[in-house]
There are 2 protein chains.
Amino acid sequence: MRISELSRRSGVAVPTIKYYLREGILPPGERTSPNQARYDDGHVHRLRFVRALIEVGGLSVATVREVLARIDSDEANLDLRLGTVQKALLPSTDGLSGPAQEAAEQEVVNLLEEYGYRYFRDHPAIASLANVMVAAQALGHNRFAEHLRRYVAVMPQVGVIDIDYIEQARTIDHMLESVVVGTVLGDTAIAAVRRLAQTSESAKRFPPRGSETPGP
Amino acid sequence: MRISELSRRSGVAVPTIKYYLREGILPPGERTSPNQARYDDGHVHRLRFVRALIEVGGLSVATVREVLARIDSDEANLDLRLGTVQKALLPSTDGLSGPAQEAAEQEVVNLLEEYGYRYFRDHPAIASLANVMVAAQALGHNRFAEHLRRYVAVMPQVGVIDIDYIEQARTIDHMLESVVVGTVLGDTAIAAVRRLAQTSESAKRFPPRGSETPGP
DNA sequence: TCGAATGGATAGTAGTGCTATCTGCTATCG
DNA sequence: CGATAGCAGATAGCACTACTATCCATTCGA
């Protein structure tokens, strides 16, 4: 198919498709002559994928490019590919330093030890989590660290769900895509379910007038 | 104190403080003369709060303004205030429509019923979650709905943690701030802990060479 | 054959989040 | 009292992101 049909089938405007081609987010079509190209279903899927990451997951175009480059990489070691894909999905944590940050990182590591996590010390999520702790501390929210401990206690259940999801993929490409979909759409989904769970728990604890057992 | 000291104590540049004043994100200082103002510790705290929401939580300036306006509101009904504050923290879901979206919303509602959530039908998180389902479907990830079900099954535990956190606040203002801190920093924290839990679970399931029980 | 569409290049635009400059005033120190 | 530094407020500018529009030579399809 040519670009106008690609546009129609993916719901993405033609100039935007050209922009994505320039940005290396969408691979070039197959040339049929020096200035004509043909696109296929893979391009349609890639476009939908990109739009989902940007619109639903809130990723920037630059992050999407990074992620896709890693998915498309020809690295043979699957673990390595999965790892670098995951890494591209965490906000950069450079520029986080100072004694407060390092103390918080140690505190995070202690928590991970305590709850039996397997981890490596330079995992970017450790710096990210420590950064949150430092920010909460600066706001005088001293109970936040205890709050975090409880998250650490329950999240392994989510980890199991997530790895189950990835493991069920049938091909390596599908597995790599599942990592991204599971992580990015998963973040959005978890944020939404969490709010619903908060509302629900709040309603249970403080019943709105009229929903208690009726009085005499 | 005056603006330069406010800048020094909060770590926010003077022009940025002026910008926040213009945007209504930072309340004006107390006038001491037609063109002089005095700021206090409340301003320092507010600035730190704003920076945490923007830098750690990734909120936009517009969202921060919305949230703060609701915190500062003089609405007497606490439930109402808490509710509107929470509402400002979900991405807008207008423009989500179509049969696929509505079917997905019904599916979400069914899930909530099944797991005993208390909810109201126009909760924005329902539309948001349905939107994620529609996007996953469009990518051919048909197992995603099952995946979501498992999130719905575990998230009530997080809801309890979150409401506990808010409930422990000592004043109404602190409670309102805890809602925001718990939600916004909480989202960031949960994303980080989730990645650590994924890495951990993955390492347990597929032990890296050298960590199995040694062979003969 | 000839008009519409295509690919590719270049330039322009809207929105966001600051940052710089300017103006007239004020605080303060010697 | 006067010099000087700092302040508040207004306006303009800037860098970046994610597109969008225009142009042109080429090519497809009727």
Side-chain angles (χ1 to χ4, degrees), chain A residues 1-40 43-44 46-68 88 91-92 95 184, chain B residues 1-40 43-44 46-68 91-92 94-95 184:
Chain A
M1 79 192 75
R2 287 182 306 190
I3 203 168
S4 64
E5 191 182 347
L6 178 59
S7 169
R8 204 172 30 71
R9 297 219 311 195
S10 65
V12 177
V14 170
T16 305
I17 293 177
K18 289 184 174 185
Y19 167 63
Y20 289 164
L21 285 165
R22 284 198 301 279
E23 292 295 311
I25 274 180
L26 188 66
E30 181 197 349
R31 296 285 149 63
T32 62
S33 80
N35 67 340
Q36 292 285 293
R38 189 165 42 212
Y39 306 95
D40 59 22
H43 289 89
V44 176
R46 171 61 66 101
L47 273 175
R48 286 209 255 257
F49 189 43
V50 166
R51 294 309 298 169
L53 298 187
I54 289 175
E55 288 188 348
V56 182
L59 298 196
S60 70
V61 168
T63 303
V64 170
R65 180 175 45 230
E66 184 93 343
V67 168
L68 293 178
S92 142
V184 176
Chain B
M1 79 190 76
R2 287 179 308 188
I3 203 168
S4 64
E5 192 182 346
L6 179 58
S7 168
R8 204 173 30 73
R9 298 220 310 195
S10 64
V12 178
V14 170
T16 305
I17 294 177
K18 289 184 174 186
Y19 167 64
Y20 289 164
L21 286 165
R22 285 200 299 282
E23 293 293 311
I25 273 180
L26 187 67
E30 182 197 348
R31 294 287 147 62
T32 62
S33 79
N35 67 339
Q36 294 285 295
R38 190 164 41 213
Y39 305 94
D40 59 22
H43 290 88
V44 177
R46 170 61 67 100
L47 273 176
R48 286 209 256 257
F49 189 44
V50 166
R51 295 308 300 169
L53 298 187
I54 289 174
E55 289 188 348
V56 182
L59 298 196
S60 70
V61 168
T63 304
V64 170
R65 181 176 43 231
E66 184 93 343
V67 169
L68 293 177
S92 143
D94 353 315
V184 176

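Throughout, protein chains are lettered first and strands after them, A, B, ... in sequence-line order, and every chain is numbered starting at 1.
With sequence neighbours left out, A:D40 forms a side chain to side chain donor-acceptor pair (under 3.5 Å) with A:H43.
Under the 4.5 Å side-chain criterion, counting only non-hydrogen atoms from C-beta, A:Y39 is not in contact with A:I17. A 4.5 Å side-chain heavy-atom check between B:M1 and B:V44 finds at least one atom pair inside the cut-off.
The two atoms that bring B:R48 and B:R9 nearest to each other are NH1-O, 3.2 Å, heavy atoms only. A:P28 and A:L21 make their closest contact through CA-CD2, 3.9 Å (heavy atoms, listed as atom of the first residue, atom of the second, distance).
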Using a cut-off of under 3.5 Å, enumerate the N/O to N/O pairs linking the protein to nucleotides 12-14 of chain C.
none

Starting at the 5' end of nucleotides 6-18 of chain D, put B wherever the base has a protein heavy atom under 4.0 Å, S where only the sugar-phosphate does, and a dash everywhere else. -SBB-B------B
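At D:dT26, none of the side-chain N or O atoms of A:S33 fall inside 4.0 Å of OP1 or OP2 (strictly under the cut-off).
Note that CZ of B:R2 and OG1 of B:T32 are 8.5 Å apart. Values are rounded to the nearest 0.5 Å. Residue A:L47 holds its CG atom at 9.5 Å from OG1 of A:T16, rounded to the nearest 0.5 Å. Rounded to the nearest 0.5 Å, atoms CD1 (A:I25) and CD1 (A:I54) are 5.5 Å apart.
Counting to the nearest Å, the P atom of C:dA5 and the CD1 atom of A:I17 are 15 Å from each other. C:dG7 atom P lies 11 Å from atom CG of A:L26, rounded to whole Å. Across the protein-nucleic acid pair, A:R8 atom CZ and C:dT6 atom P stand 11 Å apart, rounded to whole Å.
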